[in-house]
Amino acid sequence: MNSLYNYPHRRFNQLTGEWVLVSPHRTLRPWQGKVEGDNFSNNRPMYDPNCYLCPGNSRAGGHKNPKYADTFYFTNDFSALLPDGQSSNKESNGLLKTRAVNGTCEVICFSPRHDLSLSQMEIKNIVKVIDLWVYRYNELSKKYKWVQIFENKGEIMGCSNPHPHGQIWALNAIPSEPAKENNYQSIYYQQNHSVLLLDYLNLELQSKERIVIDDKHWVVLIPFWATWPYEALLLPKRHILKITDITKIEKENLAAVLKQFLNIYDKLFQTPFPYSMGWHGAPFNGEDNIHWQLHAHFYPPLLRSARIKKFMVGYEMLAEAQRDITPEQAAEALRLLKEN
Ligand code: H2U
Ligand code: ZN
């Protein structure tokens, strides 16, 4: 390994233009984090009469869920975005700059089974979750510029309910994170006449150092510029702009890769691994967006055990992101847990 990687250095995030401080020597400090495995047993019932996502149950505001058999989606009863913005469209008032925003928020149930997580679901049922992502993405993109598919998993991530579910927020603006990625991918394309994330993927496939899973159509890797200890990037091997463009074969492979990867995560600290994950693809801004490559980010908060979380505080809040374990070490730890 390059000796630079053994000393403090900063790495550049090609997608966002931000730097991260890597401090590998700090992993030499004594291991005081407890390794706790007691979280791993899953005692949840298949059906919980008090769960607002289980089939047939009532939600806030009096809505009743159908007795769904596979997946189910509904408009969030507490949506952060509303379809018809009531606020004035006045774009700025000196230093007090605003924009009106229209949008919608949906909740998507991955399974009628209260006791499962995506990692525990059968591959054929994960395919149905992908089908629902694709369906909602397609529908919402007819009306909105950006469709954000995501999952918040685990109490530590603020997830309010263990029933396997995700969310989709769609709006008539491109939010800050995808806007940065759009900008950096576009600049790279203009300068190199090639797609940033495909060039990056090829580099990673050659070096293998940060690869976790290299499957037929999809790769999971720890980005060179990862901020969270076990942050990962999932991306297709061919140039695909958005999730609606994946073929049936790619979808089936994606379901298998997702299951394999999420099981590796669960095994790492012997706990149902918490994370926020979400998809990024080309926005609906009327442009060809040839510089875009579809990908999913996984941002897990855990650092050393089921209960020891990486805090983004202090230096991170005031200066820039920092990590101890290197992305290469994280990739190796995850690779070792892979079952072939
Ligand atoms: P989490 O994925 O962060 O737990 O969010 C679940 C969402 O479900 C949350 O945004 C919504 C909340 O507004 N919700 C309903 O729409 N109806 C309910 O009856 C409870 C929760
Ligand atoms: Zn439930």
Side-chain angles (χ1 to χ4, degrees), residues 39 41-86 101-122 125-126 128-130 132-133 135-137 139-140 144 146-171 173 175-177 228 231 243 258 262 265-266 271-280 296-302 306 309-310 312:
N39 243 349
S41 59
N42 180 356
N43 294 320
R44 298 205 310 270
M46 282 169 62
Y47 166 78
D48 177 352
N50 296 315
C51 168
Y52 59 77
L53 296 179
C54 274
N57 288 1
S58 294
R59 303 199 311 272
H63 301 277
K64 202 174 169 125
N65 299 329
K67 292 203 166 147
Y68 62 97
D70 296 311
T71 57
F72 167 57
Y73 79 91
F74 59 91
T75 302
N76 196 313
D77 300 309
F78 309 94
S79 288
L81 293 153
L82 298 172
D84 301 303
Q86 300 296 313
V101 65
N102 297 333
T104 187
C105 300
E106 296 182 347
V107 178
I108 55 173
C109 299
F110 296 159
S111 162
R113 289 268 305 266
H114 185 80
D115 57 330
L116 297 182
S117 65
L118 208 49
S119 63
Q120 293 162 319
M121 285 169 58
E122 284 181 53
N125 292 329
I126 300 178
K128 291 175 186 165
V129 174
I130 302 169
L132 182 61
W133 284 340
Y135 168 58
R136 294 316 300 153
Y137 191 88
E139 288 299 303
L140 293 166
Y144 297 111
W146 186 257
V147 180
Q148 185 58 60
I149 299 171
F150 66 98
E151 180 191 4
N152 254 348
K153 183 173 167 246
E155 270 172 50
I156 201 170
M157 296 306 291
C159 178
S160 58
N161 186 327
H163 193 113
H165 71 284
Q167 298 192 44
I168 306 181
W169 294 20
L171 64 160
S176 309
E177 285 301 310
W228 294 92
E231 175 180 333
I243 200 166
L258 267 173
L262 295 177
Y265 261 175
D266 286 347
T271 193
F273 209 63
Y275 57 77
S276 275
M277 71 80 67
W279 287 96
H280 282 163
H297 294 280
F298 290 82
Y299 298 128
L302 295 183
K309 173 182 185 297
K310 161 81 183 165
M312 291 287 180

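Positions are given from 1 along the sequence. Both counts, for ligands and for their atoms, begin at 1 and track the order of listing.
You'll find the side chain of Lys153 stays beyond 4.5 Å of the side chain of Ser276, heavy atoms only. Residues Phe150 and Trp169 meet the side-chain proximity criterion, which asks for heavy atoms closer than 4.5 Å. Side-chain atoms of Ile156 and Lys309, non-hydrogen and from C-beta on, do get closer than 4.5 Å to each other. Taking 4.5 Å as the limit, some side-chain heavy atom of Thr271 sits within range of a side-chain heavy atom of Leu302. With contacts defined as side-chain heavy-atom distances shorter than 4.5 Å, the pair Arg59/Asn65 qualifies.
Looking only at distances, a side-chain donor or acceptor of Gln120 sits under 3.5 Å from a matching main-chain atom of Ser117.
Summary: ND1 is the N/O/S atom of His114 found nearest to the Zn ion (ligand 2). The name of the N, O or S atom in His163 nearest to the Zn ion (ligand 2) is ND1.
With ring centers used as reference points, Phe72 lies under 6.0 Å from Phe74.
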Go through it in stages, so that I can follow the logic: the residues are Tyr52 and Ser160, the test is side-chain hydrogen bond (donor to acceptor under 3.5 Å, both in side chains), and I'd like the CA-CA distance, side-chain angles, deciding distance and then a yes or no. CA-CA 10 Å; Tyr52 59 77; Ser160 58; 2.7 Å; yes
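Geometry note: the Zn ion (ligand 2) is the vertex, Cys54 SG and Cys51 SG are the arms, and the angle is 110° (rounded to 10 degrees).
The shortest contact between atom 11 (C) of ligand 1 and any protein heavy atom is with Asn76 OD1, 3.4 Å. The nearest heavy-atom contact from the protein to atom 8 (O) of ligand 1 is Val107 CG2, 3.7 Å. Regarding atom 19 (O) of ligand 1, its nearest protein heavy-atom neighbour is Ala60 N, 2.7 Å. For atom 3 (O) of ligand 1, the nearest protein heavy atom (residue, atom name, distance) is Gln167 NE2, 3.4 Å.
Interface atoms of ligand 1 facing Ser160, defined by a heavy-atom separation under 4.0 Å, are 1 (P), 4 (O), 5 (O), 6 (C). Which parts of ligand 1 touch Cys159 is read off a 4.0 Å heavy-atom cut-off, strictly below it: atoms 3 (O), 4 (O). Interface atoms of ligand 1 facing Gly158, defined by a heavy-atom separation under 4.0 Å, are 3 (O).
Both the backbone and the side chain of Asp77 come within contact range of ligand 1, each with a heavy atom under 4.0 Å. If you look at His165 next to ligand 1, the close heavy atoms, those under 4.0 Å, all belong to the side chain.
Considering backbone and side-chain N/O atoms, Thr75 never comes within less than 3.5 Å of an N/O atom of ligand 1. Of the polar atoms of Phe74, none of the N or O atoms is found under 3.5 Å from an N or O of ligand 1, judged by distance alone.
Tested against Leu171, the residues Val101, Asn102, Leu140 include a single side chain to side chain contact (heavy atoms under 4.5 Å, CB included) partner, Val101.
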